[in-house]
2 protein chains.
Amino acid sequence: MDKKDLFNQFVAFTTAVHQVTHELTQNVKIDNITPVQYKILEYIKVSQPVTPTEISDCQHMSLPNTSRELRKLQERKFIEKISDTEDRRKHYVCLTKTGEKIMEDAFACIEERFQQLIQYSSKKDLEDIHNALNILDEKVFNTKS
Amino acid sequence: MDKKDLFNQFVAFTTAVHQVTHELTQNVKIDNITPVQYKILEYIKVSQPVTPTEISDCQHMSLPNTSRELRKLQERKFIEKISDTEDRRKHYVCLTKTGEKIMEDAFACIEERFQQLIQYSSKKDLEDIHNALNILDEKVFNTKS
DNA sequence: TCCATTACTTATCATTTGATAATAAAATAA
DNA sequence: TTATTTTATTATCAAATGATAAGTAATGGA
C-alpha cells in the first residue's frame, strides 16, 4: 500500500463525500435561514447544550459573529440561552420547541434521501458499510490528536 | 444492521470527514484567494480541461458568478481559457504554469498533513483503510444515479 | 482590594458571495 | 433564412460573512 496512492484515494473520497453531503442536504429548505445559521442549528441539535464559545470553535467563526447569528436565531425563537448558575458569564444554548421541530424535519428529509441511497443494498452490503465506517472513523477521522 | 442506526453513524462520519478536511486544508494559504476561488482551482486542477459550464454545475454556482471568478483568476494569471475549435462558444479552462505551481504546493501541504495523520498506521491498518475507502466509495458515495 | 482574564455582546466596516437582467456570439433546428 | 437554444459575458444590486474595535460583567488570582 503506497502512501502516496492512499492520499490520492483519500482526496477523491473526501470530494465524493462532500458531493453526496451536498446532494442529501440540498432540498432541506428552512425558510430564510442562511447556510451558516443552518450549520449552527445542526451543531446545537446534536451537541446541546453548548456555549457560544464552543459554537465559535467548532464552526470556525469569531465569537462576535457567532453572537450575531445566535441573536438572529433567538429572535426567530429557534434557540434560547440559559446562563450558567455556577459561572454567570457562561450561556448555554438550546433549541426551543420550534427549533427542535424544524431540525427534526430537516434530519428526516436528509434521512429519507439517505435511505434512497442505500435502498438496494443487501444485508451484507449494509454490514460492510457499517464496518467500513467504523474502520475509517477509528483509523483516520477520529484520531483526536 | 438497523438502517436508522446506519444513518446516525453516517451523519457522525460525514461530520468527522468535514472536520478533518478542514484541518488538512486550513493552513493552505494562497495569497489573496477566496474560498470559492480555491475550490474552483482545485476542481480545475483535478479535472482540466473544463468548461465554465462544468465548473458552474460542479461548484453549484451560477454561470455569471462563475464567469466573474474565472475572470479574476485569469487576471492573476492562474488560469487561461482556450476556445474550442469545433464549437466556438465553448471555452476550455486550464491552469497556467503559475496556477499549476500554486496548486501543487497546496496539495503538497495537504498531503504532508495527511501523512502525519496516518504516520503511526501499520501496514495492515493502511490496507484496512484502503479497503474501507473502496467499499464506501463503491456502495455509498459513488452511486452515480 | 486590585488586576488580569474569560465569556459574551454590540457596533461597524469591508469583502465575498448570490441573484438577476441584459447582451453577444455561435450553433442548431424549423 | 429565420427562430431558438446554448455558452458565456458584463453589469448591478442585495445579502451573507468575515474582521476588528470597544465595552460589559463575572471570575479568579495576587
Side-chain angles (χ1 to χ4, degrees), chain A residues 18 22 25-44 47-94, chain B residues 18 22 25-44 47-94:
Chain A
H18 283 85
H22 180 266
T25 55
Q26 72 178 345
N27 58 344
V28 172
K29 251 317 177 198
I30 303 174
D31 195 45
N32 274 349
I33 254 195
T34 69
V36 167
Q37 285 168 5
Y38 176 77
K39 275 304 202 181
I40 291 174
L41 287 178
E42 203 175 57
Y43 176 61
I44 298 171
S47 311
Q48 61 188 330
V50 288
T51 66
T53 300
E54 287 169 335
I55 297 171
S56 168
D57 289 344
C58 277
Q59 302 299 306
H60 316 107
M61 53 194 294
S62 70
L63 199 52
N65 291 336
T66 304
S67 184
R68 174 186 58 202
E69 299 308 319
L70 288 176
R71 179 177 46 71
K72 291 177 189 167
L73 291 171
Q74 192 174 23
E75 280 166 3
R76 298 185 61 188
K77 307 260 196 279
F78 291 152
I79 62 164
E80 55 194 347
K81 291 180 209 159
I82 306 151
S83 35
D84 190 343
T85 44
E86 309 272 289
D87 183 342
R88 277 151 55 214
R89 291 169 306 180
K90 278 190 188 171
H91 290 165
Y92 292 113
V93 180
C94 291
Chain B
H18 283 84
H22 180 266
T25 55
Q26 72 178 345
N27 58 342
V28 172
K29 253 312 178 204
I30 304 173
D31 194 45
N32 274 350
I33 254 196
T34 69
V36 167
Q37 286 168 2
Y38 176 77
K39 275 303 200 183
I40 292 173
L41 287 178
E42 204 176 56
Y43 176 61
I44 299 171
S47 311
Q48 60 188 332
V50 288
T51 66
T53 300
E54 288 169 333
I55 296 171
S56 167
D57 289 344
C58 277
Q59 301 299 307
H60 317 107
M61 53 194 294
S62 70
L63 199 51
N65 291 336
T66 304
S67 186
R68 174 186 59 201
E69 299 308 319
L70 288 176
R71 178 176 49 70
K72 291 176 189 169
L73 291 172
Q74 192 174 23
E75 280 166 4
R76 298 185 61 188
K77 307 260 197 277
F78 290 153
I79 62 164
E80 55 195 346
K81 292 180 210 160
I82 305 150
S83 34
D84 190 343
T85 45
E86 311 271 290
D87 183 342
R88 278 154 53 214
R89 291 169 306 180
K90 278 190 188 171
H91 290 167
Y92 292 112
V93 180
C94 291

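Naming convention: chains lettered A, B, ... in sequence-line order (proteins, then strands); numbering from 1 in each chain. The shown structure was predicted, so the numbers you read here are calculated from the model rather than taken from an experiment.
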Engineer: Among residues at least two apart in sequence or on other chains, which ones pass side-chain contact (heavy atoms from CB on, under 4.5 Å) with A/S67?
Structural biologist: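 Not a single residue meets the side-chain contact (heavy atoms from CB on, under 4.5 Å) criterion with A/S67.
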
Engineer: Output all residues satisfying salt bridge (charged side-chain N to carboxylate O under 4.0 Å, His left out) with A/D57, sequence neighbours left out; order by chain, then residue number.
Structural biologist: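 A/D57 satisfies salt bridge (charged side-chain N to carboxylate O under 4.0 Å, His left out) with no residue once adjacent residues are dropped.
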
Engineer: Give me the residues of residues 55-68 of chain A where at least one heavy atom lies under 4.0 Å from an atom of DNA chain D, by number, or none.
Structural biologist: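 DNA chain D contact set from residues 55-68 of chain A: A/S62, A/P64, A/N65, A/R68.
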
Engineer: All N/O contacts under 3.5 Å from nucleotides 24-26 of chain D to the protein, with atom names and distances to one decimal?
Structural biologist:
| unit_1 | atom_1 | unit_2 | atom_2 | d |
| --- | --- | --- | --- | --- |
| D/dA26 | OP1 | A/R88 | NH2 | 3.2 |

Engineer: Please confirm whether the shortest side-chain N or O distance from A/K72 to OP1 or OP2 of D/dA16 is below 4.0 Å.
Structural biologist: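 No, outside the criterion.
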
Engineer: Taking only residues two or more places apart in sequence or in another chain, which ones pass side-chain hydrogen bond (donor to acceptor under 3.5 Å, both in side chains) with A/R89?
Structural biologist: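 Listed in chain order: A/D87.
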
Engineer: For B/E54, enumerate each residue passing the side-chain contact (heavy atoms from CB on, under 4.5 Å) test, keeping only those at least two apart in sequence or located in another chain.
Structural biologist: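 Checked B/E54 against side-chain contact (heavy atoms from CB on, under 4.5 Å); matches are B/Y43, B/V50, B/T51.
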
Engineer: Tell me, which of residues 28-44 of chain A have any heavy atom that sits under 4.0 Å from an atom in DNA chain D?
Structural biologist: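 A/T34, A/P35, A/V36 - these, ordered by number, are the residues of the stretch whose heavy atoms sit under 4.0 Å from the strand.
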
Engineer: Below the 4.0 Å mark, does D/dT27 have OP1 or OP2 next to a side-chain nitrogen or oxygen of A/K90?
Structural biologist: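 Answer is no, no contact under 4.0 Å.
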
Engineer: Which pairs, with at least one residue in residues 65-78 of chain B and sequence neighbours excluded, count as a salt bridge (Lys or Arg N to Asp or Glu O under 4.0 Å)?
Structural biologist: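 Every salt bridge (Lys or Arg N to Asp or Glu O under 4.0 Å) pair that includes a residue of residues 65-78 of chain B, provided the two are not neighbours, is B/E69-B/K72, B/R71-B/E75.
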
Engineer: Got a sec, which residues hit side-chain contact (heavy atoms from CB on, under 4.5 Å) with A/P52, two or more places apart in sequence or on another chain?
Structural biologist: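 side-chain contact (heavy atoms from CB on, under 4.5 Å) list for A/P52, sorted by chain: A/L63, A/L70, A/H91, A/V93.
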
Engineer: How would you list, by chain and number, every residue that makes a salt bridge (charged side-chain N to carboxylate O under 4.0 Å, His left out) with A/K39, sequence neighbours excluded?
Structural biologist: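 For A/K39 the salt bridge (charged side-chain N to carboxylate O under 4.0 Å, His left out) partners, ignoring immediate neighbours, are A/E42.
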
Engineer: Please list, chain by chain and in numerical order, all residues satisfying side-chain hydrogen bond (donor to acceptor under 3.5 Å, both in side chains) with B/Q59, sequence neighbours excluded.
Structural biologist: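 With sequence neighbours excluded, B/Q59 shows a side-chain hydrogen bond (donor to acceptor under 3.5 Å, both in side chains) to no residue whatsoever.
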
Engineer: Can you give me every donor-acceptor pair (side chain of residues 25-35 of chain B, partner residue at least two apart or in another chain, under 3.5 Å) with its distance?
Structural biologist:
| unit_1 | atom_1 | unit_2 | atom_2 | d |
| --- | --- | --- | --- | --- |
| B/T25 | OG1 | B/T21 | O | 2.8 |
| B/T25 | OG1 | B/H22 | O | 3.3 |
| B/T34 | OG1 | B/Q37 | N | 3.2 |

